[in-house]
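Structure, as structure tokens:
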Amino acid sequence: MTIKNLLRAACLGLAVTATAASQGGAQSLTIMQGEASTALAVPMNRAVVVEADNPFAELSIANPGIADISTLSDRTIYVLGKAPGRTTLTLLGPDGRLITNVEVQVTPDLAEFKERLRQILPGEGIEVRTANDGIVLSGVVSSIEKLDRALDLANRYAPDRVSNLMVVGGTQQVMLKVRFAEVQRTVLKNLSTSLNLVNAGDFSIGTGSANLAGNITNPATFSPDGLAQGQLGVVGEIGGVGVAVLLEALETKDLVRTLAEPNLVALSGQEASFLAGGEIPVPVDNGDNGVTVEFKPFGVQLNFIPRVLDGRRINLELNAAVSSPDAQIGVTSGAITVVGFNRRETETTVEMLDGQSFAISGLLQDDFTDTVNQVPWLGDLPILGALFRSTNYRRSQSELVVIVTPHLVTPTRGEALALPTDRVRPPTEAELFLFGQTARPAGAPRSGAAAEVAKQDFTGSYGYVME
């Protein structure tokens, strides 16, 4: 044997010795004539040394892409795992006959994966197993965030071959409280003047928004008819000419308050939806010169997906809207009228702790309009010009805010639940006609948890317990 072959053999011997030491020694493989031996497990990118009880003359591997083999002696086999999978190792005797077939299973290296898992997620009860050529994770983790980290790490070692049997412990149900608060204020002021002159039907002159001269047939009997609220009419006669002056001054103030508080409970990672309202038919062109009817929902709508993260942090992906039909912004075409909608909607993703509140959206709108209608030149005269012009003033203000508050909740005992309807029952005929009672308390329990819930007003929360 040359020096080069001696060096090569020495290096191979050192590699085999180191591999055997890392695996706790060589595995023993009992070769039985004509029968299959026990399956051989080899970690990926690791090697094992197998010792046979009986000598063999030749061996081969069915799929060299899964495992690589080499002989160290007539009783020792060096097996290197290359890729996850199963293949067959065939051993032949000195006479060329088949001794046995050995099933070789190459699995991901779980030792390194388990070590990395303990370093990244200490204290988590995650169990790691192999299944075929993949990894199976099971156990209980403290949060969905740590579950995702474990899955990401496992995919590094077995891409697309990870089975997740883990469950998340702790409270994983979220109650979301959304508050829509909107205030609309409108101020409208109108000041206009109408001047009309008529001479017994020979001529009539009128300025302003009201044409009173057309209703005058006799100046002596001239009088404005049907004065509306905020109108003042003055009638007189000067030299046979009837004079009528109409002064209109009106101020209107509107205040609208809108408040909606939808509450909805969902499991972490699952989508929940809520609608309190109805559906309105809307005509739609079907493309064949015809009209079909579609129903459009309106009211208070809420869709959200909660995700409970590490600790008590909650990630919320939500869409909330409040809508109502408004005939003033509708469109009329022929005999068909399409109703418009007022809609306030917000869609966002936020993250906060249990019980914290977030103003996710807001709006402050201020509209101002001035309109002046006047007779040219005459309306510009000082003082007297007011008789030849009308002025409209309009200002609209709107304030809107949307606040969300998530809570971690758990179910409660059924006997501790109370509904708003449990506190009211229809009155008897005597109670209604003799005492004028439209409703009476429905005899709620006087002690226990149900009695405490029954004492609440109609704005309470029902069906869960907030931590």
Side-chain angles (χ1 to χ4, degrees), residues 41 43-46 83-85 105-178 263-274 302-320 347-358 360 404-412 463-467:
M44 188 175 62
N45 298 326
R46 297 290 184 94
Q105 180 180 1
V106 180
T107 60
D109 187 6
L110 298 184
E112 181 182 0
F113 171 63
K114 291 180 180 179
E115 181 180 355
R116 296 292 180 266
L117 196 61
R118 287 192 298 268
Q119 293 174 353
I120 297 175
L121 300 174
E124 297 294 331
I126 302 177
E127 300 179 2
V128 182
R129 299 181 179 87
T130 59
N132 197 1
D133 59 346
I135 297 178
V136 178
L137 301 180
S138 61
V140 180
V141 293
S142 58
S143 66
I144 191 172
E145 187 178 30
K146 292 184 178 180
L147 184 146
D148 293 337
R149 291 181 182 177
L151 292 178
D152 291 341
L153 182 61
N155 279 311
R156 294 284 185 177
Y157 291 86
D160 300 326
R161 298 190 306 277
V162 179
S163 298
N164 176 27
L165 301 180
M166 296 181 292
V167 295
V168 181
T171 303
Q172 297 297 313
Q173 295 183 102
V174 179
M175 188 274 292
L176 180 64
K177 180 179 181 180
V178 182
N263 295 350
L264 189 60
V265 180
L267 189 66
S268 177
Q270 302 296 320
E271 183 178 7
S273 60
F274 173 86
L302 175 62
N303 296 272
F304 84 109
I305 303 176
R307 295 180 178 88
V308 181
L309 305 179
D310 192 13
R312 301 176 68 86
R313 291 187 299 118
I314 303 173
N315 179 279
L316 293 175
E317 181 181 345
L318 62 95
N319 179 281
E347 182 176 359
T348 185
T349 301
V350 294
E351 186 174 305
M352 65 191 78
L353 296 178
D354 174 27
Q356 290 184 332
S357 297
F358 219 129
I360 59 174
V404 296
T405 305
H407 293 280
L408 294 175
V409 296
T410 56
T412 185
Y464 46 80
V465 174
M466 292 185 292
E467 294 188 344

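All values below come from the heavy atoms of this structure, side chains included, with hydrogens, waters and symmetry mates left out.
P84 and M44 get closest at one heavy-atom pair: CD-SD, 3.2 Å. Closest approach of A154 to I135, counting heavy atoms only: O-CD1, 4.2 Å. When every heavy atom of S268 is checked against every heavy atom of R307, the shortest pair comes out as OG-CA, 3.5 Å. The shortest heavy-atom contact between P406 and M352 is CD-SD, 3.2 Å.
Pairs engaging residues 154-169 under the salt bridge (charged side-chain N to carboxylate O under 4.0 Å, His left out) rule: D133-R161 [sequence neighbours left out]. Listed by first and then second residue, the ring pair (Phe, Tyr, Trp, His ring centres under 6.0 Å) pairs that reach into residues 123-158 are F113-Y157, sequence neighbours excluded.
Separating the CE atom in M175 from the CD1 atom in I314 is a distance of 10.0 Å, to the nearest 0.5 Å. Here CZ of R46 is found 7.0 Å from CD of E112. Values are rounded to the nearest 0.5 Å. Separation of atoms CD1 (I120) and NZ (K146) is listed at 12.5 Å; rounding is to 0.5 Å. Interatomic distance, CZ of F274 versus CG of L176, reported as 11.5 Å (0.5 Å rounding).
Applying the side chain to side chain donor-acceptor pair (under 3.5 Å) rule to N319 yields the partners E345, E347; only residues at least two apart in sequence or on another chain are considered. For T405, the side chain to side chain donor-acceptor pair (under 3.5 Å) test picks out S357, with sequence neighbours left out. In this structure, E271 has no salt bridge (Lys or Arg N to Asp or Glu O under 4.0 Å) partners at least two apart in sequence or on a different chain. Residues meeting the side-chain contact (heavy atoms from CB on, under 4.5 Å) test with V167, sequence neighbours left out: V140. Considering only residues two or more places apart in sequence or on other chains, E351 meets the salt bridge (Lys or Arg N to Asp or Glu O under 4.0 Å) condition with R313. Applying the side-chain contact (heavy atoms from CB on, under 4.5 Å) test to E127 and every residue at least two apart in sequence or in another chain returns R129, S138. With sequence neighbours excluded, no residue forms a side chain to side chain donor-acceptor pair (under 3.5 Å) with S273. Listed by chain and residue number, I126, L137, V141, L147, A150, L151, N164 satisfy the side-chain contact (heavy atoms from CB on, under 4.5 Å) test with M166 (two or more places apart in sequence, or in another chain). Take A272 and apply the side-chain contact (heavy atoms from CB on, under 4.5 Å) test, not counting sequence neighbours, and it matches L264, A266, F304. Every residue two or more places apart in sequence or in another chain was checked for a side chain to side chain donor-acceptor pair (under 3.5 Å) with Q356, and none qualifies.
Of the residues listed (N315, D354, L408), the one engaging V308 in a side-chain contact (heavy atoms from CB on, under 4.5 Å) is L408, and it is the only one.
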Original post:
Please walk me through it: do L318 and I360 pass side chain to side chain contact (heavy atoms under 4.5 Å, CB included)?
Top reply: CA-CA 10 Å; L318 62 95; I360 59 174; 3.7 Å; yes
